[in-house]
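These numbers come from the heavy atoms of this one structure, side chains and all, not from hydrogens, waters or symmetry mates. These numbers come from a predicted model, not from an experiment.
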Amino acid sequence: MLEQVTLSQAEVETTVIDAVARSLLLKPSEIAVNASLQDAYGAESLDMLEIAFSLERAFRIRLPHENILRGAEEQLGEGIFVRQGILTEQGLQILRRLRPEIDASLFTGTVRVHELGRLMTVQTFVRLALRLLEAKEEALVALRAAGCAKCGSHAIFASQKAAEFVCQDCSAAYPVPNGDAVLVEDVSEIYRENGRP
Amino acid sequence: MLAGKVVLVTGASRGIGRAIALRLARETPAHIFVGYCLHHDAAAETVAAIERANVPATAIAADVGQVEFLEEMFQTIGDRCGRLDVFVSNAARASFRPAEETTARAWERTMDINARAFLLASQLSAQLMTEGGSIVGLSSLGSHFYAPGYLALGAAKAAIEATARYLAVELAPKNINVNVVCGGLIETETARLHPRYEELKRAVISRTPEGRVGTPDDLAGVVAFLCSPEARWIRGQTIVVDGGFSLVS
């Protein structure tokens, strides 16, 4: 059976709120979608990891786990986005585009990389999940067009159990897009759109 | 030593857990399950390294702090192999705060992820250890001594050590051996993220008779021994593996 890969924003938001509430031992009605999870609810790194795991399972996606700007710098050049732990103007520009759910005024002046965790909200997870579901669907379309590398079949489906695509004919499995790679590519694209090489 | 045996190591994508999984792979078990939480690529690398040792391996993503996922992991092992012989409970995660800032939730979550996970996973392991087996928990010196910000994890590790003593007695009739390995400072990628790691490392080295900090392999060798038949007469013990640091500090 063909799995529906993409979900509506409302469906994703409900799932994210439930996961956040469960991890933070709160009721879903107590969660404000734009509130900083760290400042408003005292979320710590262990909570963030639990939320991330729950969302990876719920949506069968792979969220980014590395420092995306650093990952992009490995491709584009060191020090472009972050210097001595402080975001450069280009780094701030990227984040204003990449994280539209955050008040843009927070991405001005001196912003330290280690402070970015404080800007995580329900909306951040919703936006990330929607982006990765979109990437997942694109990858599935491309995989079907190319056919299974093992048997050539085009009957490839998104697994309803794991973050992978499965060939119906030979059971070959293919991982869904890696969140780190997807976001690093997004950063690179914004960088190019900003007129950089 | 582990021929025909099925092994599960949690937190095995990186660091100490990975070293333990690779050390156990040298004993040529029938299968090693690599438990991990979010580091998919690292888990795949561990699986590949185990397979290079000609041991079949499978990565299983599971957040051991969430009961449903913990149960799912053991269900998968049961479905795949029908048995389990060695369980190494290495996965750990914690809230690091001073005592007065340790909240009820931080305490609860740290206990869930570490101590409760060890108990529940041991219970689930025992159900699959139909021919006996070995369970090894991982602890650290923070369970015995003070370390800044380590209250919640230190208490959870102490709970693991106590839990192991009870499990060792009550699982002995099923021929299941339970022990704990307690490490000092171990040089891992995660440890190096500590903002004052180099300072901490120098302090530990200066007080360690061996004159260095521990490596993941230092712990892995002891874990492997505790999983062997030679360790059958060691029951419910916490083996301190710290190069002598705790003797002179």
Next on the checklist: Under the rule for side-chain hydrogen bond (donor to acceptor under 3.5 Å, both in side chains), what residues qualify as partners of A:R62, not counting sequence neighbours?
Outcome noted: none
Checklist entry - With a 4.5 angstrom heavy-atom cut-off, which part of A:D180 approaches chain B: side chain, backbone, both or neither? => result neither
Checklist entry - If we ignore angles and hydrogens, is there a donor and acceptor under 3.5 Å between the side chains of A:D103 and A:S105? => result yes
Item to check | Side-chain donor-acceptor pair present, B:T46, B:Y36, cut-off under 3.5 Å | outcome: no
Next on the checklist: Is it the case that the side chains of A:S54 and B:Q66 hold a donor-acceptor pair, with the cut-off being a distance below 3.5 Å and no angle test?
Outcome noted: yes
Next on the checklist: Is it the case that the side chains of B:H39 and B:E45 hold a donor-acceptor pair, with the cut-off being a distance below 3.5 Å and no angle test?
Outcome noted: no
Checklist entry - Between B:D218 and B:T215, does any side-chain donor sit less than 3.5 Å from a side-chain acceptor? => result yes
Next on the checklist: Is it true that B:Y197 and B:E187 share a donor-acceptor pair across their side chains at a distance under 3.5 Å?
Outcome noted: yes
Next on the checklist: Evaluate A:F157 against A:F165 for ring-ring contact (aromatic ring centres under 6.0 Å, His included), listing each step before the verdict.
Outcome noted: CA-CA 5 Å; A:F157 301 98; A:F165 304 120; over 10 Å; no
Checklist entry - Residues of residues 98-119 of chain B under 4.5 Å from chain A (heavy atom pairs)? => result B:R105, B:A106, B:E108, B:R109, B:T110, B:I113
Next on the checklist: Is A:E56 in contact with chain B via its backbone, its side chain, both, or neither, using a 4.5 Å heavy-atom distance?
Outcome noted: side chain
Checklist entry - Taking every heavy-atom pair that is under 4.5 Å apart, which of A:L63, A:N178, A:L24 has the most such pairs with chain B? => result A:L24
Checklist entry - Does a side chain donor of either B:H31 or B:T58 reach within less than 3.5 Å of an acceptor in the other side chain? => result yes
Checklist outcome for this item: By side-chain hydrogen bond (donor to acceptor under 3.5 Å, both in side chains), B:N90 pairs with (sequence neighbours left out) none
Item to check | Derivation and outcome, salt bridge (Lys or Arg N to Asp or Glu O under 4.0 Å), residues A:R57 and B:E72 | outcome: CA-CA 12 Å; A:R57 275 307 175 90; B:E72 187 184 281; 2.2 Å; yes
Next on the checklist: With no hydrogens and no angle check, just 3.5 Å: does a side-chain donor-acceptor pair link A:S23 and A:E50?
Outcome noted: yes
Checklist entry - Hey, which of B:G65, B:A94, B:A61 has the most heavy atom pairs under 4.5 Å with chain A? => result B:A61
Checklist entry - Which residues, numbered in order, of residues 114-134 of chain A come under 4.5 angstrom of chain B by heavy-atom distance? => result none
Checklist outcome for this item: Cut-off 4.5 Å, heavy atoms of chain A, and the answer for B:F96 is backbone
